[in-house]
Structure formats: C-alpha cells, structure tokens
*Asks:* 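Take this structure, written in structure tokens, and hold onto it; I'll ask about it next.
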Amino acid sequence: DEVESGKSADDAKTDFMLNEKYKDCDLIFYIPKNIYSSNAARLFYKEKPNSMVQTYISLALNESLELAKLNEKSISDSLTADEDALTFQDYQAVKTKVNLAVIDYLDETEKDNKSEIKAGIGFAFGLLIYMFIFMYGVQVMKGVIEEKTSRIVEVIISSVKPFQLMMGKIIGIMLVGLTQLIMWVVLIGIFSTLVIPFVLPDKYSSAFQGANPTEMVQTTSDVKAMMNTEPVANIQDNELLDVLFNETPWGAMILVFLFFFIGGYLLYGSLMAAVGAAVDSETDTQQFMLPVTMPLIFAYIISIMGIQDPDSTIMVWCSEIPFTSPIVMIVRFSANGGEGMFWQLLLSMFLLIITFIGTTWVAAKIYRTGILMYGKKVTYKELFKWLKY
C-alpha cells in the first residue's frame, strides 16, 4: 500500500525483516534508481510466490517502464493514422524486458524462475504414471473377468492360493508394462542422441549451450525484426534446453519415478483385480470403477493446476495422500529439484507402501470370495460382508 523511495536494497530488506508495519507482508518489490540501464529488479519474499504472481509483477513493471519511456520521448502511446509510425529504433528504445530476481529474504539465495518448466517435466512423468495405471490396471481387471467367466480360475485355484493368483497376475502385467516402458526410453534415447543433433545442430552446439539466452534472443530478434520476419529462437526454448540438459537431476528423478510408477500401479492394480473378481462382465464394473479411479483423475487435474504453483497447500497434501501421491509428488519433486523435500518424500513413500499393503489385503479378501461367485449382482453391502470371511 506504500511506496517508499531513496532506500538501498539492503535498507528495504532490513525494513522488511524488522519493521513492524511489514510483519503481515508476503514480499517486498525493490526497483533500483538505475532501472533504465540495469533492467533488473529484486523481489524479496518470506514465502516464494508462484509463477503467476511473478509474471504479473514483471508485466506490470515492464508496462510502467515502457509508458514512462514513451512519455519521456513525447511519443503518444496511441498513434493515429495521420501520424508517422514508430521506427524500429524507437521501438527498441521503448521496449523493456526487466530481469526479476526472486530472493529469499533470510538466506539471500536467488530462486530461479524456471520452476514452471521443471514442474512441466514432472507432469510428463506423472502423465506416464497415470496412463500406465489405467492401461495395465484395466488389463488386470479384464484378465480376472475373463478367467472367471470361462471357469478357468476354478482349475487354477486347485493348485495355487487365490492371493498368489491375484499377485501373480498383477506383478506379471506390471513387468510387461515396465518392459514396454524401458523399450520406449531406449528408443527415445537413441533417437535424441543420434538423430536430433543432426536435425537441430545449433541447439546442441557448445556455443549454444554456453551462450547467454537473453543475448541470443535479443540478437536474433533484432536481425529478424529488420527482415520483417519472426525470430526462430526464443528465450523459452533456451530455458527449456538449459533445464533439460543442465538443471534436472535425472538420476534422482528416475528413481523417484520408478518408485511411484510401481507403487501407484500396485495400489490401483490390486483394487482393479478386486473389481474384476466381484463382477461377471465388464458392463457391471462401472459402479465399482468410479470410486477407484476418481482419486487418480483428481490427482491428474490437481497436477495440471500445480504446474504454476507446485508448493500450494493442496499440492502438498495430495503429494502425501497415497491415492494421489504417485502423480502429484513427481510434479513437486521435479519443480523443486528435490530440495528441502527429503522427509516429505520419505513420508509419502512410507504411506504409499502401507496403503498398498492394506488395499492388497482388502482386495485379496474380495478376490478370494468373488472369483467363485456367479450369476449374482454384487452390491457394496455384499463386498463388506466378504471382508469378514
């Protein structure tokens, strides 16, 4: 609500920390006197603002500075048809791109503004988990229904226990899925390593990797603007490549991905096996599939929203709840690079394991009774009775 001038960045930060009138403030925005020449501002925060807030502040500052430059040059911000159009040099003199440094006011460490890109990478992994659970979980359910309706299961359980049969089917289909996933990864890795460098040599050159993205974009934009064409490269492309090749902890990401990939499948696979055992045909699965799949769909929707704010309250809670954590946690882990999430990650893994054990016990109870039940429409009340057998 207040605008103060004449203070240094250190003075502003000290006020932010100690002054009583700022105790309820979340962040303080410091614009230096030499903003025209430096094109840099600082945002000190107590709790890191999400990317939408950062973008809003950057746009507001850029627009204000551009308007101020227009007024200084006596250029109307709404030229009429009778007036001469702005030259390219006028446009360059007015166009503003401020670098916003987002800084923790306690440890003075600058947080990068690429969390949205990193969260997007995590979302891609989460989408794989989401698709894997649905594709292969449904295969488990269909396999159980097929064995039940063809009466093959009556022969099989004379040799193995129902629990062993259920887990064998779940784990067997999981291994098939993992084999397919590994083949995709190997093929994509070969393609990106051998093919893409020949198709896009500039993107993989050492000059490109070492270049300042802002300078590269500015230079490219200048040349293309003079030629009256659109620039080929943009800063978002450079940032994405920088995150992919330099800033993503791929080793940790793959380990976390594999854990939640397998854990999420085992959790939902056991539930879908129970659904398959409880019905006689696929048309009867709808009443039981909705409660099973709703948490998974909810996790997918929350993850889309969480790309812009991966540390929001709902994202934190959903990353710990076992029915949503396989998708949501990978987004949060990717966005933060795993920093400061060790105990949260361990808790999420522990809860997922415990819940998987619990759902497997429940599914085994239903499976043991359901695979030999024919010709009867099963209700939820009936399922609860089976748990007591």
Side-chain angles (χ1 to χ4, degrees), residues 119-148 150 152-153 156 160 163-197 199 244-245 248-277 282 285 289 292-301 303-304 322-331 333-334 348-349 352-353 355-356 359-360 363 367:
I121 295 172
F123 178 74
F125 280 104
L127 184 59
L128 278 177
I129 296 175
Y130 176 83
M131 294 172 60
F132 181 87
I133 291 174
F134 261 111
M135 288 171 55
Y136 297 104
V138 170
Q139 281 193 29
V140 172
M141 182 185 70
K142 288 182 177 180
V144 173
I145 295 174
E146 182 181 353
E147 291 176 355
K148 180 179 176 180
S150 63
I152 295 175
V153 70
I156 298 176
V160 297
F163 177 79
Q164 294 173 332
L165 178 61
M166 183 187 75
M167 291 306 300
K169 181 170 290 295
I170 293 172
I171 294 174
I173 292 178
M174 179 193 73
L175 293 177
V176 171
L178 282 175
T179 303
Q180 292 180 349
L181 178 67
I182 292 171
M183 291 175 64
W184 294 341
V185 171
V186 171
L187 290 174
I188 292 172
I190 293 173
F191 179 79
S192 61
T193 304
L194 300 179
V195 179
I196 294 181
V199 179
L244 285 173
F245 289 106
T248 302
W250 286 109
M253 277 287 294
I254 291 172
L255 290 175
V256 172
F257 167 74
L258 286 175
F259 178 87
F260 285 102
F261 189 84
I262 296 171
Y265 166 77
L266 292 176
L267 173 64
Y268 281 96
S270 62
L271 293 175
M272 290 186 182
V275 172
E282 290 185 34
T285 62
M289 282 294 290
V292 172
T293 57
M294 276 299 292
L296 199 60
I297 298 172
F298 179 73
Y300 173 75
I301 296 172
S303 295
I304 295 176
F323 292 97
T324 55
S325 63
I327 297 175
V328 178
M329 177 54 83
I330 195 72
V331 176
F333 184 86
S334 178
S348 179
M349 290 178 168
L352 182 58
I353 293 172
T355 305
F356 160 66
T359 55
T360 303
Y367 186 87

*Asks:* Decide yes or no for Ile297 and Tyr130: does some side-chain heavy atom of the first lie under 4.5 Å from some side-chain heavy atom of the second?
*Replies:*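 Yes, at least one pair of side-chain atoms sits under 4.5 Å.
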*Asks:* Go through the steps to decide whether Leu267 and Phe260 satisfy the test side chain to side chain contact (heavy atoms under 4.5 Å, CB included), and finish with yes or no.
*Replies:* CA-CA 10 Å; Leu267 173 64; Phe260 285 102; over 6 Å; no
*Asks:* What I'd like to find out is whether the side chain of Val275 reaches to under 4.5 Å of the side chain of Leu271, using heavy atoms alone.
*Replies:*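 No, too far: nothing below the 4.5 Å cut-off.
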*Asks:* Compare all side-chain heavy atoms of Phe123 with those of Ile330 and state whether any distance is below 4.5 angstrom.
*Replies:* no
*Asks:* Roughly how far, to the nearest 0.5 Å, is OH of Tyr300 from CE of Met131?
*Replies:* 9.5 Å
*Asks:* Is there side-chain contact between Pro326 and Phe261, with heavy atoms separated by less than 4.5 Å?
*Replies:* no
*Asks:* Using a cut-off of 6.0 Å, state whether more than 12 heavy atoms not belonging to Gln180 lie near its atom CD.
*Replies:*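 Atom CD in Gln180 is packed in, count exceeds 12.
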*Asks:* Flag the pair Phe298 / Met294 as yes when at least one side-chain heavy-atom distance between them is below 4.5 Å, and no otherwise.
*Replies:* no
*Asks:* Under 3.5 Å, is there a donor-acceptor pair between the side chain of Ser334 and the main chain of Val331?
*Replies:* no
*Asks:* How close do Gly264 and Leu352 get, heavy atom to heavy atom, and via which atoms?
*Replies:*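 Distance-wise, the nearest heavy atoms are N-CD2, 4.2 Å.
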*Asks:* Is the number of heavy atoms from other residues, nucleotides or ligands under 6.0 Å of Phe134 CZ greater than 12?
*Replies:* yes
*Asks:* Going from CD1 on Ile173 to NZ on Lys142, what distance comes out if it is rounded to the nearest 0.5 angstrom?
*Replies:*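 The distance works out to 11.0 Å.
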*Asks:* Once you round to the nearest 0.5 Å, how far does CG of Leu178 lie from CD1 of Ile171?
*Replies:* 11.0 Å
*Asks:* What's the shortest heavy-atom distance between Ala252 and Phe333, and which atoms?
*Replies:* CB-CZ, 3.9 Å
*Asks:* Less than 4.5 Å apart, side chain to side chain, heavy atoms only: is that true for Val140 and Tyr265?
*Replies:* yes
*Asks:* Taking all non-hydrogen atoms of both residues, which atom of Pro322 and which atom of Thr355 are closest, and how far apart?
*Replies:* CG-OG1, 3.0 Å
*Asks:* Say you draw a straight line from CE of Met272 to CD1 of Ile145; how long is it, rounded to the nearest 0.5 Å?
*Replies:*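 Reported to 0.5 Å precision, the distance equals 11.5 Å.
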*Asks:* Measure the acute angle between the ring planes of Phe132 and Tyr136, then classify it against the limits of 30° and 60° as parallel, tilted or perpendicular.
*Replies:*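 Ring orientation, 0 to 90° scale: tilted.
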*Asks:* Looking only at heavy atoms, what is the nearest atom pair of Ala363 and Ser270, with distance?
*Replies:*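 Smallest interatomic distance, heavy atoms only, reads CB-O, 3.1 Å.
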*Asks:* Looking at CZ of Phe323 and OG1 of Thr359, how far apart are the two atoms once the value is rounded to the nearest 0.5 Å?
*Replies:*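 Answer rounded to 0.5 Å: 6.0 Å.
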*Asks:* With Ile170 as reference, evaluate Val144, Thr360, Leu266 under the side-chain contact (heavy atoms from CB on, under 4.5 Å) test and give the passing residue.
*Replies:* Leu266
*Asks:* Flag the pair Ile133 / Thr293 as yes when at least one side-chain heavy-atom distance between them is below 4.5 Å, and no otherwise.
*Replies:*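 No; the side chains remain at least 4.5 Å from each other.
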*Asks:* Could you tell me the separation between the CE atom of Met141 and the CD atom of Gln139, rounded to the nearest 0.5 Å?
*Replies:* 10.5 Å
*Asks:* Show the nearest heavy-atom pair for residues Met329 and Ser348, with the distance to one decimal.
*Replies:*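 The answer is CE-CB, 3.6 Å.
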*Asks:* With a sphere of 6.0 Å drawn around CE of Met135, does it hold more than 12 non-hydrogen atoms of other residues, nucleotides or ligands?
*Replies:*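 More than 12 heavy atoms, drawn from other residues, nucleotides or ligands, come within 6.0 Å of this atom.
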*Asks:* If you compare all heavy atoms of Ile327 against all heavy atoms of Ser303, which two are closest, and at what distance to 0.1 Å?
*Replies:* CG2-OG, 3.2 Å
